[in-house]
Every structure is written in C-alpha cells, then in structure tokens.
Amino acid sequence: MPICFATPHRHAGPQSGASIIRRSSRFAVARPPARSMQEKYNASEVERAAQAHWNASRSFAAVPERGKPKYYCLSMFPYPSGKLHMGHVRNYTIGDVLSRWHMMRGFNVLQPMGWDAFGLPAENAAMQNGVPPAKWTDDNIAYMKQQLQSLGFAIDWTRELATCKPDYYRWNQWLFLRMLEKGIAYKKTQVVNWDPVDQTVLANEQVIEGRGWRTGAVIEKREIPGYYLRITRYAEELLADLDKLPGWPERVRTMQANWIGKSVGVRFAFPYELDGRQDKLWVFTTRADTIMGVSFCAVAAEHPLATRAARDNPALAAFIDECRHGSMMEADMATMEKKGMPTGIFVAHPLTGEKIQTWVGNYVLMSYGDGAVMAVPAHDERDFEFAKHYGLPIRQVVAVDGQTFSTDAWQDWYADKETGICVNSGKYDGLGYEAAVGAIATDLKARNLGDKQVQWRLRDWGVSRQRYWGCPIPIIHCGACGSVPVPDDQLPVVLPIDCVPDGSGNPLARNEAFLACACPQCGQPARRETDTMDTFVDSSWYYARYASRFGSDAMVDDETAYWMPVDQYIGGIEHAILHLLYSRFWSKVMRDLGLVHYDEPFSHLLTQGMVLNHVFSRRGEKGGIDYFAPDEIDLAHDAGGRITGAIAKADGRPVDYDGIGTMSKSKRNGVDPQSLIEHYGADTARFFIMFASPPEQTLEWSDAGVDGAYRFLRRVWAFGHVFAGDIKPKIGARQLAAAKLDGSLGELRREIHLLLKQANYDLTKHQFNTVASAAMKMLNALEKAPRDSAVAAEVVEEGVSILLRVLSPITPHIAHALWRELCFGDDIRAAPWPEPIEAALAQDEVELVLQVNGKLRGSLRVPADAPKEAIEAAALASDVAKKYMEGRPAKKVVIVPGRLVNIVC
RNA sequence: GCCGGGAUGGCGGAAUCGGUAGACGCAGCGGACUCAAAAUCCGCCGCCCGUGAGGGUGUGGGGGUUCGAGUCCCCCUCCCGGCACCA
C-alpha cells in the first residue's frame, strides 16, 4: 500500500465537479511518495490487491438504506454450461460498469448473481460422461463462479442462488399450486416430439430434419396431457402495460406486442349435418369482409372433423398420419410445402347456404383459434397458392381502383384492406374493410352463427416437460382421487440428485423412491407426477428472490419491496420475447396474490447484442449433428477472403461451414475468456469487450485489438509513474481555480473537460465504447501536455484524476491501484463522479466550416458570440467564397451556429 | 414464411438534433532507439487521377426529399436474433 504524507479526505459532493481531493500545500510541495510505485504495469498483482481490498471491506454486500436512491442492476443469470464465454463477459461487464458508475454517483447499488441451473445440457452431459446432472452442474457453477470473481465484478455474492436447489424451486411449486387454485394452471393435451426408438420426448433442438438426433428415427407428433399456465388471461394487461415501460427498447416492445398479437376479427360457423347430427365448423378470421369469396375450408390434421372423415377414407387417414410426422415448429410450418386433401364433408356457407368443401391442410394449426380456417384464395396469399395447386376456385370479392385482378399470379394488392372495396359480394358491394366487417358480423350474429371477437396470437404457456433435470410438478396421482395437489406442508417435492439420464425417457419414472407416496386426500398408496417444469419458470422470478433475505417461510419478503422493481436489466436480445414475457406474467400473478407491489419487474432494459462466432458442423451417421470448435478447424479462403472450405484438424476430413451464429455450448463455438484473463488480466478483457462495439450491437468475435487495449492500460500505468515522479512534485500553491490559462494549457484543459462531458453523456446512453475511447483521448492529450510549470502540473493532476474516475467502472482494478499510488485517496469508489466545469469549456473563438453550394471549401474563425449578420459578412468577404462563387451572387446563406456556413449561389 | 434488428476504410467502430464522413483503436507501411529482437516513441494510412498543388469520388444496391443525407422517405439485396420443448 502506498503511504501518503497527508491523510486524503473526501470532500464535497458530486457538485464539486472535476475538483479533486486536495491536501494542504504544506505537505504537497515536492514530496514524492514514500515508496516509489512499480514502474511496469503488473495486471495480476494489481488485480489481486484490488480484489483483496474489496473482499476485506465487504464492499458489495447490499443493505437497504434510507436516504439514498437505490439502484438494482441485474444481469441475466447464466446457465452453468461449464465455462464463461465472451457473451457472458460482455453482459456482466456492462452490468458492472453501470453498477460501479451508479455507486460513485451516490446510489445504493444491488448487483446479484446466480445460476439458471436446470436444463437440458446437464442431461446431455450425463449421457456423455455418466455424471449425474447435479454433480456436473455444481462443478460448473464452482468453476464459473471463480471465473466471474477473477473479472472483479462488484457482485453481492451473499445473495447467490441456484434454481436447482430445493430452497429455491420449492417456491416454483408453491406458486404453481396457487395458480391451480385460481384456475391459472390447468391441464390439457399437448403436442410433443416423440422418438419411437428411444421412447422419449425430444426438444425441438433435438429434432434434426424430422429425425431424432441420437437415433435417427423419424419423429412423430404425439398428444399427451400436460399443465398449462393461462397467460392469455393477462394478454390485455401484458399488451397495455408495454406503454408503462418507456425504459425498454422500442424494438423489444414492438416484438412483444406483435407476439401477443391482438386482433379483432369475427369468429363464425359453417353449419353442416353429419351422421344425422347438426354441427358447426367454427373458424376465426380478420378478413370477414372477404367472406363471400370463400371457396373451401381447411382444418388441422388433429381436428375432430378430420378424424371423423378419415374413419371411412383410408387415403385421408394416411395423409393425416403423414401430417403427424411434420415438425411442430412454426418456422417449419410456415415454410413447408402446403399440402391438403379433401375430406368429402361439405359445410354450408353461413350467409349464402352455398355448399363449401372442407379440406385437411398440413398448414393449419390446431393450437391457434379453433383449428380451422376459411379459405379465400383471391385475397390470402397462402390460400391462393393452395387453390392454384389443387385447382380450387378463386373468386375476387375485393377490388382496388385502377388494378386488374388476374388468377395468373398473386399480387400484393389482393390482400390490401386499406383501399379495397367489396365486389361480387351482393348487398356488401361498395363497402370498405371496416364497414363490410361490421355489416357481415351483424348479419352472422342475427343468424346466431358468429360475432366479432378479439383473438390473441399468444397461446397459453405449456410448462410440463417429460424430463428429469427440472423442478418437479407438485402433483400426486391417486387411483381413487385422481390428480391431487401436494399440500403446502409437504413442499418441496425434492428431486433426487443421483439420477443419470440415458436418453430413453425420464429416469424419474423408474425411480421408486421418488414415485411412491401416499395420496394426501385418501392416504392410499399413490404415484408422484414425473413431469418437471419448463426452465423458463425458474427464471421468471429469480430477480425477486435475490431482492429478499432468502427466508424459508416465504417466497419473497419485505426487503423485496425496497429493491424491486429492477432498475436496470441487462441481457441478450434473444430473450426479447419469451423470458421477458413470462417474467412479466409471473410478476402479475405474484402481484395478484399480494406477494409483491409492482406491475412490471424491469423498469429499464438493455438488450445486449449477441456475440457471434463461426459455426462448423458435420452430419452424424444417424442424422444427428456434430459441432466443431473453431480452433479444431483449418480454413480455406477464396481471393476475397470468403470461407470456401473447412477441414477438421483431427481427421483431415471436411466439415460444413454454417456461417456465423450465437456463441453457445451446443454449437461449441463459445470463446472462453480464461486465456485472455490469464495473459492480459481482467481489466484488459473488460476494456477490450467494452471498446469493441456499442452493447446493443451484434459482435462478431475477433481478438484482434486486445493488444491495443492492453497497450493502453500499460500507458495509463506508465503515465501514472511519470506523473508521480516528475509532474506532481511541481505543484505548489493551488492556483488552478484562479489562473488564467494560456493557449495550450487552456486548450488541454478544455479538451479534457469536453471529453468528460462526452463520456458522461455516452454513459447515460450506454455507449461504453466511446467512453473507452474518450479515456484514450484523455491519455493522448495528457501525454502531450506541458509539464514545465506548477499550473501545468495542476492541470495534468486534474486530468489524471478525471481519467482514473472515468476509467474506474470499466477497469476498476487499475483505477483503484493508481488512485492510491498517486495519493488521490484511499478508495476511488468513494470519490465523487467528475462533472465538467463550464469555465473550462468556454472559448473565445470558434472555427466554422465554410461551404459553397454544399461543398466543403474552407473554414472561418469567428468570435464565439458573433451575430449571424457578422458571420455572413465575414463568410462572403472571405477569399474562399470569392474563389468558388465565381462572381455569382449569393442566393442564400445558411448559418448553423457553431458549425458551418453554406453559401448557395 | 412471419416478427424485430443490422450493413460505414484491410478490420472493430465514430459522427449524440439533417451540418467537416472515417474520431479512437487494430492491422499494415516508413522511420528513431537497439549488436539484434521485443518493448517504446515519431510519421503515413478510404478509393481513383495527379510528381505535386490539387481535383474527383465515397457510408450494401437503386430511386426521392433538402442549400446540405451515413442520418429522413420508397423499393431491393445480404446478414443476425426470435418463432412458443436450447437457454
């Protein structure tokens, strides 16, 4: 520790601006530090010492404190996949910069960390290595925690949690039971990917081109019972409350609104008679104005009408069976070839009574609306293609002025509802979209065959997973009583931690110790539910748990009311919809149960861009995909640098290059920051990732430039050394405040304060890359500064103190060390955040750009307060203007104060 | 396919409200120091024409608005994220 001659003291508050910690001049004159500081930057030594200091002073344990504004800064917790990757470093450095910046600005900061510890990768690892998921997960957490600690994040580790621990997930179970009571949780059938060989349910990720990733077997859709959460009950509020989130990026709010997808349309029925019974085929449409153009109806393969028709139609049964092998992913549904087959069943048009044939279509989703649609080929592109393919009638019922309809090819205006007018529609002819929908809905209602209805794209949240490594669903199955909720006093239902999944079904289903239990109602022997919860449940409320004291008698306690809502949430843009929507929903449920007081959990959201890297793969023999890490690959490039081929180093055989994609464990393209930290230190890693690009932008990984970041920190250190030895001793009586600075000194001070102003602005905009570059520019300026006078030394001292503080959120270790070495104070975190001083920014003259006809032709120096008339006169009188105006009179002179003059002639 | 976003030198990026395009850094090139190398320091560095002064051109492509467009509007291409069981 450096020894300073006088005790540094904090003085004044944030208003004191760029002023720095001072000592009486009696001591400050020409006294070097007692022990000369290390000349060379030694990152590991600096970082060890800084971290030891923070640990010893328990710097980051957050305690509620009245009289200080609170700042709850939360980064999305990681899945403990094994090692950190650069995406994590980026995410957590952003959070740490914001946390430390706020600490220095007087906020009471909470920055917690934990582990999203349930999930599929642990089961996959178990299959590969035979290690139980619990052990694998715990080991990964231990390693990654140490990595996070080595990066020096200001985290309150006392609040660490892991979602795979019973004291956490018991509250998933508890809240699930409350939801059951309120009818928010309910049971219905769900469609899953079934691998007939392994006899197991697969995640979408495990299905590759319709086949199981391990077995290569063709996957079937299978309907099984599962629990759902009625998120649609909150659809209206989830949509409306997006307006209460001005701190969220517009793009995220737009994506959520589109996902929730409120549409006002008409739900109506086509009556029909079958097997001697009157029935109705219900459909929903937002284009009821085109109802007179219906040429057929299409139902999903799982629709009861399809099932009935297939009974005496083997060809149709075969087609429906074929549909069962399709994907359950929307992206595949939308891009696959649209196929269909007539059912032979006819329904009646609700308004005209015309016979309408029904088809089974592989593109109709049973889970959306009623699983059936009316088809109007003339005005829906998908129906148009379908009708062309199967030779079905196409009847135009909407016209747009000046456009000619033809069934030859689809044109975008066919679907236009802004300018279209009904034609060939009987009494509705001439009506526009809204009028037609209104009139048709009225007529349908009069016949008791339909009405206007609000429809949501949002579907209820299916939470049952047929998997081991997750939170058990607290239900007991009794032969006599049926599905019985586990009583609260028997919670948690603890997941056994010694199972090793082998890929063939859920090991819980074979675990007698787990399964066997007594029915809570009748006491007879019963079986536990073996499904576990979707891991999105775990991550839907962890932020509230961090904010409470982790008691075992409540999900959250009153400390939550102090910290919540989260002031700043930071995480990858890939979570823009699902995780964030589920968390918002879960919060509202907790609120309605009286557990919390807020409507929305996250006031401000920063969506970090993905860190991308090259992806290499090879198809396995059974149809699965093996991924290769980029450092296992040799690349071939064409002349333009484009990748043309890739070879695995291990076996010399080619692999597929899949372009660039998100760093992830499963694609094996993550870059471990460990070697970076070991070679350069945490500060370099942090500085580099912040400097590389603004946080919201996707970042293609490259370590080119790390050397530059390291070089900069070495220069900072070296300058600190020069400052301590050669510059600081020159300071005598403090005279900066009163001094009239001459040209270059004034310019230097102005530059430092201008850069500070820019850095402060950029911090509010979360543009950390330009904060880093401002720090670099400050150093460039300071290195060139005059050092020959006491005042100059004082200007430099002020500049160094600003530089270190601006740098401290990004590179806290080196800032901490230099702050002490240079005797500014004991702990830089206690120093006030610097603010630019207006007097230092002022200037007498400004330089304006001089344009003639919009082209840059020269410049013009004018007094800073010159009136427009004077500027115009000076501009017109300039040699540059005379030369380029070529004798033409000025038609117009545009003056942008402080910026430019443009003479138009 | 649908929803959301992006594209600026060899590379990462800057330009904050429509006002000097390329800040800052990387790589490269030239030089100083050195027996040499590393480190460090100084200089150059969008493209084209020109020995030079200088001129032209330039922000994925095409069109438009404006005294002035990387920025605003329309159309297009490519890339990234999401699409409900990866997290």
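If you're wondering where the values come from, they're calculated on a predicted model, not measured in any experiment. Labels below follow one simple rule: chain letters A, B, ... track the order of the sequence lines, proteins then strands, and each chain is numbered from 1.
- Phosphate contact (OP1/OP2 of B/rG6, side-chain N/O of A/T698, threshold under 4.0 Å): absent.
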Do any N or O atoms of the protein come closer than 3.5 Å to N or O atoms of nucleotides 38-44 of chain B, and which pairs are they?
{"unit_1": "B/rA39", "atom_1": "O3'", "unit_2": "A/R714", "atom_2": "NH2", "d": "3.2"}
{"unit_1": "B/rU40", "atom_1": "OP1", "unit_2": "A/R714", "atom_2": "NH2", "d": "2.5"}

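- Qualifying side chain to side chain contact (heavy atoms under 4.5 Å, CB included) partners for A/T335, counting only residues two or more places apart in sequence or in other chains: none.
- Taken residue by residue, residues 329-336 of chain A places heavy atoms nearer than 4.0 Å to RNA chain B at A/M329, A/E330, A/A331, A/A334, A/T335.
- Where pairing requires Watson-Crick or G-U contacts shorter than 3.5 Å, the helical stems of RNA chain B with at least three consecutive pairs are B:1-7 with B:77-83, B:10-12 with B:24-26, B:28-32 with B:40-44, B:46-49 with B:54-57, B:60-64 with B:72-76.
- With both ends at atom C1', the span from B/rG70 to B/rG22 equals 11 Å, rounded to whole Å.
- With salt bridges taken as basic N to acidic carboxylate O contacts below 4.0 Å, one links A/R253 and A/E250.
- Within residues 662-670 of chain A, the residues approached by RNA chain B to less than 4.0 Å at the level of any non-hydrogen atom are A/T662, in residue-number order.
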Which pairs, protein N/O on one side and nucleotides 46-48 of chain B N/O on the other, fall under 3.5 Å?
none

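- Screening residues 756-774 of chain A for salt bridge (Lys or Arg N to Asp or Glu O under 4.0 Å) gives no qualifying pairs among residues at least two apart or on separate chains.
- Side-chain N/O atoms of A/N769 include one lying less than 4.0 angstrom from OP1 or OP2 on B/rA14.
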Check nucleotides 67-76 of chain B for protein N or O atoms closer than 3.5 Å to its own N or O atoms and list the pairs.
{"unit_1": "B/rC67", "atom_1": "O2", "unit_2": "A/N902", "atom_2": "ND2", "d": "2.4"}

Compile the donor-acceptor pairs under 3.5 Å between side chains in residues 687-695 of chain A and protein atoms, sequence neighbours left out, one pair per line.
{"unit_1": "A/S693", "atom_1": "OG", "unit_2": "A/R90", "atom_2": "NH2", "d": "2.9"}

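- Nearest to the side-chain atoms of A/M776 among the listed nucleotides B/rG25, B/rU57, B/rA87 stands B/rG25.
- The stretch residues 704-715 of chain A participates, sequence neighbours left out, in these salt bridge (Lys or Arg N to Asp or Glu O under 4.0 Å) pairs: A/R715-A/E783.
- Using C1' as the reference atom, B/rA27 and B/rC75 are 38 Å apart when rounded to the nearest Å.
- A salt bridge (Lys or Arg N to Asp or Glu O under 4.0 Å) check over residues 894-905 of chain A, counting only residues at least two apart or in different chains, returns nothing.
- You'll find the ring centres of A/Y169 and A/F118 inside the 6.0 Å limit.
- Between A/E751 and A/K784 there is no salt bridge, since no side-chain nitrogen of the basic residue lies less than 4.0 Å from a carboxylate oxygen of the acidic one.
- You'll find the ring centres of A/W541 and A/Y168 inside the 6.0 Å limit.
- Judged by a 6.0 Å distance limit and a 45° cone about the ring axis, A/K338 is not positioned over the six-membered ring of A/F386.
- With sequence neighbours left out, A/F719 forms a ring-ring contact (aromatic ring centres under 6.0 Å, His included) with no residue at all.
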